[in-house]
> 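I'd like to ask you about the structure that follows.
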Amino acid sequence: DQSLNISSTQLKIFAYLGQDIDTFTTPAVARYIKDKKLYTRQETLNIQREEPVALHGLTADEFALVKKHLGREPNATELGMFAVLWSEHCSYKNSKLLLKRYPTTGPYVLQGPGENAGIVDIGDGVAISFKIESHNHPSAIEPYQGAATGAGGIIRDIFAMGARPIACLDSLRFGPIEHNKHSRHLFEYVVKGIGDYGNCVGIPTVAGDVYFEDSYKDNCLVNAMCVGVVQSGDTPISPLYGPIIKGVAKGEDNPIIYAGSATGRDGIHGATFASVELTEESAERKSSVQVGDPFQEKLLIEACLELLKTGVVVGLGDMGAAGLTSSLSEMASRGDHGVEIDVALVPQREKNMTPYDIMLSESQERMVVVVQKGKEEEAYKILRKWDIYAVTIGKVTTDGQFRVLENGKVVADVPAKALTDDAPLYNRPSAVPHYLKMAQKLDLSKIPDVKSNEVEAVLRKLLASPNIASKK
């Protein structure tokens with residue numbers, strides 16, 4: 001139903017959560033499903049029994065592996081948590097075996113894969129932190145917000161390492177824009193989204209590249225990158241730059257502080273959406289595109305960097321793709337600890353949000369901070385100074401479990417490492433693409449020279465090509 005902005009897939013998920021339908025979604029959607037009698041009781045039961053795994057993007061074999069890790073059937077919240085963390089966007093299950101072939105260590109590499117961003121020592125006590133990440137599907141659906149939140153997410157990954165972001169870059173691919181209004185629309189608003197977000201935060205977009213080709217007509221590629229500066233050792237180098245921090249949760253009973261914007265329903269299943277083929281049905285999932293607030297991000301940057309200089313922070317994480325589920329499971333896994341949170345304590349900007357909503361939300365400008373027990377007030381003082389809302393939502397445990405409570409009642413209990421480290425890896429078939437074979441057959445010596453009287457016309461035609469012309 002277009003007026004409610006819900007897709008058939010989302011309606012099926014609501015049916016799967018049948019008994020919670022009034023609280024899982026808005027009252028308007030609940031009434032729509034009931035009034036229209038979209039599903040009979042038997043159809044609802046069939047969906048609950050047969051379709052939840054496919055709706056969450058898991059295969060039957062993956063679902064069997066989930067049950068093996070838990071020793072039982074997962075509930076709805078646990079199924080959603082596995083679905084987002086085992087998506088390609090979070091787990092790289094289809095590409096990790098190839099990515100592992102790249103070199104990732106060296107005398108100047110201070111941080112390789114496995115953290116929020118990489119760090120390289122450039123000498124004189126200074127290091128550079130950098131990361132690049134795609135935001136393709138969200139940008140294809142809603143180019144301005146999709147690209148803007150891609151930039152915002154990558155900026156948070158940089159200051160989550162303790163680095164001050166100083167520059168953004170991008171690498172973009174679109175369909176031909178000469179005679180295609182849709183491709184031109186995507187191009188204009190993606191560029192504007194990245195630039196506007198960075199400008200509002202005070203981080204310029206200093207470089208990038210863009211190319212137009214038929215194969216990107218329906219699915220543009222939007223890669224955002226951010227670079228930051230951090231001190232490489234323990235010696236302070238400048239009031240602007242602080243020490244390196246890792247995204248870990250460790251130390252029994254250390255408090256977990258939620259800092260930043262309130263949680264809404266925007267972006268639920270965004271990581272799963274980013275991992276599937278972009279089709280007409282998947283394109284309906286506009287709720288999977290988040291909405292950013294760059295001015296809040298600027299305050300978060302300054303608050304977090306000042307907070308790190310106090311020495312009370314144990315670990316810092318960005319609630320990006322998969323939100324609370326990814327940030328906390330990754331931090332617990334890296335620290336060889338567990339975490340326990342109560343979703344009733346999470347700031348919420350919408351009514352009747354369920355644990356499923358809260359754990360899978362990808363609302364922007366949110367951070368997780370683990371601080372030393374007893375040092376909470378010192379952290380709150382700095383966060384309040386920068387007008388950042390913060391609240392303790394849980395604690396670090398030693399049992400390795402990611403435990404989610406709602407008003408003290410357990411609603412999800414999952415091994416943290418099962419989410420982050422145990423996603424299946426696939427070695428997919430590969431072949432040399434046809435276009436590359438054809439390009440390798442090209443013999444430049446057989447291309448005739450341009451006639452002297454055609455040189456100017458040929459040059460003008462080349463310079464008029466969007467791939468060669470100035471992109472200003």
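Since we're looking at a predicted model, the values are computed, not measured.
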> With salt bridge (charged side-chain N to carboxylate O under 4.0 Å, His left out) as the criterion, how do Glu115 and Lys246 come out once you've worked through the C-alpha distance, each side chain's angles and the decisive distance to 0.1 Å?
CA-CA 7 Å; Glu115 263 289 350; Lys246 301 294 180 71; 5.5 Å; no
> So does Glu330 pair up with Lys417, basic N to acidic O under 4.0 Å?
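Result for this pair is no, no salt bridge flagged.
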> Within a strict 4.5 Å, meaning less than it, do heavy atoms of the Ile177 and Phe212 side chains meet?
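Answer yes - side chains close enough.
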> Is any side-chain heavy atom of Val368 closer than 4.5 Å to a side-chain heavy atom of Met319?
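Contact flag for Val368/Met319 side chains = yes.
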> In terms of heavy-atom contacts, does CZ of Arg101 have more than 12 from other residues, nucleotides or ligands at under 6.0 Å?
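Not more than 12 within 6.0 Å, no.
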> Are Phe174 and Tyr211 close enough, and set up right, to give a ring-ring contact (aromatic ring centres under 6.0 Å, His included), and what steps lead you there?
CA-CA 6 Å; Phe174 303 96; Tyr211 192 82; over 10 Å; no
> Check the pair Val339, Lys395 against side-chain contact (heavy atoms from CB on, under 4.5 Å), reporting the backbone distance first and the verdict last.
CA-CA 6 Å; Val339 291; Lys395 63 182 181 180; over 6 Å; no
> With side chains defined as the heavy atoms from C-beta onward, is the minimum distance between His135 and Thr149 less than 4.5 Å?
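In short, these two side chains touch, coming nearer than 4.5 Å.
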> With the side chain counted from C-beta on, respond yes when Val369 and Leu307 share a heavy-atom pair under 4.5 Å apart, and no when they do not.
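With C-beta onward as the side chain, the pair touches.
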> Taking atom types as modelled, find out whether Thr59 and Asp61 have a side-chain donor-acceptor pair closer than 3.5 angstrom.
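The answer is no; no qualifying pair exists.
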> May I ask you to test the Val227-Ile128 pair for a side-chain heavy-atom distance under 4.5 Å?
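Yes; the side chains approach each other to less than 4.5 Å.
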> Does any part of the side chain of Glu302, heavy atoms only, come nearer than 4.5 Å to the side chain of Glu306, both counted from C-beta?
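A side-chain contact under 4.5 Å is absent here.
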> Could you walk me through whether Phe402 and Leu419 pass the side-chain contact (heavy atoms from CB on, under 4.5 Å) check?
CA-CA 9 Å; Phe402 189 162; Leu419 292 169; 3.9 Å; yes
> After noting the C-alpha distance and the side-chain angles of Lys192 and Glu188, does the key distance pass the salt bridge (charged side-chain N to carboxylate O under 4.0 Å, His left out) rule?
CA-CA 6 Å; Lys192 182 174 174 58; Glu188 291 178 355; over 6 Å; no
> Looking only at side chains, do Glu297 and Tyr197 share a donor and an acceptor under 3.5 Å apart?
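Side-chain D/A pair, Glu297 to Tyr197: present.
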> Can you find a pair of side-chain heavy atoms, one from Leu169 and one from Val206, that are under 4.5 Å apart?
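Answer yes - side chains close enough.
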> Between the side chains of Ser261 and Gln364, does any donor sit under 3.5 Å from an acceptor?
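There is no such pair (donor and acceptor under 3.5 Å, judged by atom type) between the side chains of Ser261 and Gln364.
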> Let's go through Val191 and Leu172 carefully: what are the C-alpha distance in whole Å and the side-chain angles of both, what is the deciding distance for side-chain contact (heavy atoms from CB on, under 4.5 Å) to 0.1 Å, and is it a yes or a no?
CA-CA 9 Å; Val191 171; Leu172 312 173; 3.9 Å; yes
> Looking only at non-hydrogen atoms, find the nearest pair between Ser232 and Val126 and report the distance.
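Residues Ser232 and Val126, closest heavy atoms: OG-N, 3.6 Å.
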> Can you name the nearest heavy-atom pair linking Val370 to Ile256, along with the distance?
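Heavy atoms of Val370 and Ile256 come nearest at CG2-CG1, 4.3 Å.
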> Minimum heavy-atom separation for Ala416 to Ala332, with atom names?
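Looking at all heavy atoms of both residues, the shortest contact is CB-CB, 4.0 Å.
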> Does Gln401 reach the side chain of His337, with side-chain heavy atoms less than 4.5 Å apart?
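Counting from C-beta outward, Gln401 and His337 never come under 4.5 Å.
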> Would you find more than 12 non-hydrogen atoms of other residues, nucleotides or ligands less than 6.0 Å from Lys93 atom NZ?
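For Lys93, atom NZ is crowded (more than 12 foreign heavy atoms under 6.0 Å).
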> I need the minimum non-hydrogen distance between Met81 and Val84, along with the two atoms involved.
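Distance-wise, the nearest heavy atoms are O-CG2, 3.3 Å.
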> For Thr263 and Tyr258, which I'm curious about, is there any donor-acceptor pair between the side chains at under 3.5 Å?
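Indeed, the side chains of Thr263 and Tyr258 share at least one donor-acceptor pair under 3.5 Å.
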> Could you go step by step and tell me if Lys298 and Glu365 meet the salt bridge (charged side-chain N to carboxylate O under 4.0 Å, His left out) rule?
CA-CA 9 Å; Lys298 174 60 176 175; Glu365 292 83 37; over 6 Å; no
> Can you name the closest pair of heavy atoms from Asn180 and Ser183 and give their distance?
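The answer is OD1-N, 2.9 Å.
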> Would you say that more than 12 heavy atoms from the other residues, nucleotides or ligands in this model lie under 6.0 Å from the OH of Tyr426, or not?
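Yes, because the 6.0 Å sphere around OH of Tyr426 holds more than 12 heavy atoms from other groups.
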> Under the criterion side-chain contact (heavy atoms from CB on, under 4.5 Å), I'd like the reasoning laid out for Ser91 against Lys96: C-alpha separation, chi angles, the key distance, then a yes or no.
CA-CA 8 Å; Ser91 72; Lys96 184 174 283 189; 5.9 Å; no
> Is the shortest distance from a Lys or Arg side-chain nitrogen in Arg173 or Asp209 to a carboxylate oxygen in the other one below 4.0 Å?
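Salt bridge: yes.
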> Taking everything shown except Lys309 itself, do over 12 heavy atoms lie less than 6.0 Å from its NZ?
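For Lys309, atom NZ is crowded (more than 12 foreign heavy atoms under 6.0 Å).
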> Are more than 12 heavy atoms from other residues, nucleotides or ligands located less than 6.0 Å from atom OH of Tyr189?
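Incorrect, the count does not exceed 12.
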> I need the minimum non-hydrogen distance between Met367 and Cys304, along with the two atoms involved.
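Closest heavy-atom pair between Met367 and Cys304: CG-SG, 4.3 Å.
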